[in-house]
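Scroll down for the structure; my scribbles are underneath it.
A, B, ... follow the sequence lines: proteins, then strands. Residue 1 opens every chain.
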Number of protein chains: 2
Amino acid sequence: MPEKRKITLKDIARELNISVSTASRALKEHPDIADETIRIVKAYAKEHHYVPNVLAVNFRKNRTYNIGLIVPELVHHFFSTVISGAIDTAKKHGYNVLVSQSNDILDDEITACRTMLASSVDGLLISISNETFEGEHIKEFLAEGKPVIQFDKITDELETPKVTVDDFEGAYQAVKHLIGQGYSKIAHIRGRKEVKNANERAEGYHKALEDHGLEYSSDWVKVCNMINEEEGYQFARELMESPNPPDAIFCITDLVALGVLKYLKEAGFRVPDQVGVMGFSNWKLAEIVNPTLSSIDQHGYEMGVNAAKMLIHNINNPEKREEENLMLKTNLIIRESSNRKKFQN
Amino acid sequence: MPEKRKITLKDIARELNISVSTASRALKEHPDIADETIRIVKAYAKEHHYVPNVLAVNFRKNRTYNIGLIVPELVHHFFSTVISGAIDTAKKHGYNVLVSQSNDILDDEITACRTMLASSVDGLLISISNETFEGEHIKEFLAEGKPVIQFDKITDELETPKVTVDDFEGAYQAVKHLIGQGYSKIAHIRGRKEVKNANERAEGYHKALEDHGLEYSSDWVKVCNMINEEEGYQFARELMESPNPPDAIFCITDLVALGVLKYLKEAGFRVPDQVGVMGFSNWKLAEIVNPTLSSIDQHGYEMGVNAAKMLIHNINNPEKREEENLMLKTNLIIRESSNRKKFQN
DNA sequence: CTGTTAGCGCTTTCAC
DNA sequence: GTGAAAGCGCTAACAG
């Protein structure tokens with residue numbers, strides 16, 4: 001393995017009997033420099049595999065071309081989709097992405113932010129943890145003039161552009177669809193009240209019931225804490241064993257719906273005939289379960305793409321930064337679990 | 001938002017009437033420096049929120065405390081598990097992780113490597129694409145003295161430590177289990193012949209048949225190209241419609257097994273009574289499908305942890321680098337799809 | 001114990 | 001067109 005010492009501008013300058021500054025400018029095709037000089041320098045650089053020392057350039061320019069990306073969980077279909085979109089986009093613009101996860105723990109998120117700030121990313125993409133409200137650690141970025149974009153799980157406490165999915169509308173469409181399928185006693189297993197998405201979805205649910213003049217009962221709304229399969233199972237049992245059981249359950253997320261389906265199957269309820277089930281997020285699992293699960297697609301990849309685009313725009317244009325929020329449309333995916341009337345939508 | 005200009009060592013030195021080097025050393029509690037000086041400097045630094053300029057430090061030390069991580073696919077349960085382990089470990093050691101994906105396309109992998117090399121990561125963790133054989137782009141890291149660790153999908157063309165799972169043994173155990181369940185005509189839907197893992201698994205399959213004196217037929221071995229659900233479906237059909245159909249199918253991965261299950265269900269075969277099915281990788285979906293899928297757990301998180309540990313060790317100890325490979329044990333997970341005798345193992 | 005000095009590799013005025 | 005020189009912020013060898 002030939003330990004090739006890297007050559008520097010100085011080496012080029014010395015060998016070619018020019019100054020370092022001329023060499024530097026020649027490589028950038030600076031208009032001042034004679035074409036001939038440019039040619040010669042470039043040729044020499046190429047021949048000797050000159051590669052600028054990025055560390056030096058970054059230092060000089062006070063830029064790293066790295067952006068930070070923090071999500072609650074990495075092993076998560078939706079978030080990995082977002083990350084994928086963000087990385088692909090960043091790459092296209094010459095940026096690398098530093099990825100970290102908070103595990104939905106505030107302290108971990110703070111640590112992750114600090115490390116990223118310390119390692120001098122040029123900007124930050126973040127989907128906050130369930131425990132984040134003030135977000136002082138995120139304000140540190142803004143204080144240093146580094147742009148931040150929030151996505152998916154956001155807080156209005158922070159004045160940054162946000163990329164979200166239209167949770168309200170998604171939930172509304174989901175419930176409207178259930179109503180269209182003839183369900184009339186629709187329950188909702190929702191997320192924590194401190195979490196914005198959860199509230200939006202709950203409101204969409206409400207509005208849909210209201211607009212269609214359907215019965216609403218607070219007994220039919222269950223609040224998840226962990227948002228996992230077990231909770232779905234438990235709440236489904238509570239709902240179905242109650243004196244006034246619902247005939248459809250709209251879940252905050254597919255994982256919860258999975259638990260619901262499991263309970264319904266065990267308890268002998270027929271899905272979708274007796275009980276309709278809707279998830280949210282359209283994970284891979286929705287296609288795999290039996291019966292397949294109707295859900296709302298959140299276009300994670302596009303979310304990643306758009307968030308990264310906005311961030312990079314704001315990094316590159318400190319003067320006219322994009323301040324607008326972006327709300328992506330959702331997509332209703334009808335599968336077996338809610339398709340009682342058996343026709344394709 | 002107070003635009004706080006960052007203070008530098010120079011500022012501290014000037015204000016405290018000491019030299020920059022003294023300030024620098026005091027902050028590091030250099031033994032040469034008087035306790036009193038250290039106290040004063042630290043106090044001042046703290047009061048004025050001194051933060052060292054990482055870009056300058058990196059430049060000086062020629063280190064970034066960033067490591068690169070390249071996988072074929074990000075939206076992939078196994079790989080995201082590995083990434084999660086690697087990131088958590090890196091964080092613990094003060095490193096950040098730059099993540100990128102190759103989409104199993106050689107050119108993308110080369111680009112990803114180049115960008116990472118250019119952005120001066122201190123080392124690289126990589127699981128190569130299906131199209132990578134020589135890996136010249138990876139050798140560029142080694143040529144610059146930057147350590148590389150390969151994991152999961154590896155090639156022996158590159159002289160780097162490797163962290164893998166014992167594919168041979170995993171496959172052997174899987175097939176042995178099938179045999180123990182009374183299956184005797186066991187087919188294998190395998191991966192490409194150029195891919196090492198695929199070969200290891202195929203050999204484990206062979207060896208298990210051989211050791212138990214079971215019939216082997218090349219008709220029972222199908223070679224996947226895309227390794228997806230559709231191929232599983234198609235090959236299952238081919239196998240079951242052939243003159244001498246198998247009574248069990250061992251699949252290169254859970255996704256393929258999913259297609260197999262789907263075909264078997266449609267064609268009316270009872271699983272596991274008539275036909276046993278084994279996957280590999282133990283994705284989330286294995287617990288979700290119906291019947292649940294027996295599989296081999298590859299301990300992705302541990303793989304990430306170990307690979308990151310090795311890399312960081314090798315970055316920090318250029319003199320005595322770890323050269324050994326690490327092969328993690330797999331775990332047989334028995335679920336419904338192969339559990340014909342209905343007892344727990 | 002502390003200061004002086006040199007320098008990492010590059011960019012960018014400012015001269016000529 | 002080109003060069004000289006300064007400096008980004010920090011570290012470390014050397015000197016005292």
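- Asn62(B) places its CG atom 12 Å from the P atom of dC8(C), with the value rounded to the nearest Å.
- Distance, Leu27(B) CG to dC10(D) P: 9 Å, rounded to whole Å.
- Ranking dG9(D), dT4(C), dC10(C) by closeness to the Ser19(B) side chain, first place goes to dT4(C).
- Side chain of Asn130(A) to main chain of Asp104(A): no donor-acceptor pair is present (N/O by atom type, distance under 3.5 Å, no hydrogens or angles).
- In this structure the side chain of Tyr95(A) never reaches within 4.5 angstrom of the side chain of Leu311(A), judged on heavy atoms.
- Note on Asp35(B): nothing from the nucleic acid sits closer than 4.0 angstrom, heavy atoms only.
- For the pair Asp156(A) and Lys196(A), the minimum side-chain heavy-atom distance is below 4.5 Å.
- If you find the closest nucleotide of DNA chain C to His30(B) and to Phe59(B), the one lying nearer the 5' end belongs to His30(B).
- A sub-4.0 Å separation between OP1 or OP2 of dC10(D) and a side-chain N or O of Tyr50(B) is present.
- Considering only heavy atoms from C-beta on, Thr164(A) stays 4.5 Å or farther from Asn325(A) through its side chain.
- Per the geometry, CG belonging to Asn53(A) stands 10 Å off P belonging to dT11(C), to the nearest Å.
- Looking at heavy-atom distances under 4.0 Å, Leu55(A) makes no contact with the nucleic acid at all.
- DNA chain D is contacted by both Thr22(A) and Lys10(B); Thr22(A) maps to the nucleotide lying nearer its 5′ end (nearest heavy atom per residue).
- For Ser24(B) and dA12(D), a side-chain-to-base donor-acceptor distance below 3.5 Å is absent, hydrogens and geometry of angles not being considered.
- For dG3(C), the base has a donor-acceptor partner in the side chain of Arg25(B) [N/O atoms by modelled type, under 3.5 angstrom].
- Atom NZ in Lys61(A) sits about 13 Å away from atom C1' in dG9(C), given to the nearest Å.
- The side-chain heavy atoms of Glu109(A) and Glu131(A), taken from C-beta on, include no pair separated by under 4.5 Å.
- Atom CG in Asn17(A) sits roughly 11 Å away from atom P in dA4(D) (whole-Å rounding).
- One finds no side-chain N or O of Lys28(A) lying less than 4.0 angstrom from the OP1 or OP2 phosphate oxygen of dT12(C).
- The nucleotide whose nearest atom lies closest to any side-chain atom of Ala34(B) is, among dC1(C), dC10(C), dG9(D), dC1(C).
- Residue Ile33(A) contributes atom CD1, which lies 6 Å from atom C1' of dT2(D) at whole-angstrom precision.
- Residue-level contact check: Asp32(B) touches the bases, meaning some heavy atom is under 4.0 Å from a base atom.
- When the P atom of dG9(D) is taken as reference, atom CD1 of Ile12(B) falls 13 Å away, rounded to whole Å.
- Put simply, the side chain of Ser21(B) and the base of dT4(C) share a donor and an acceptor less than 3.5 Å apart.
- Straight-line distance from the CD1 atom of Ile18(B) to the C1' atom of dT4(C): 14 Å, rounded to whole Å.
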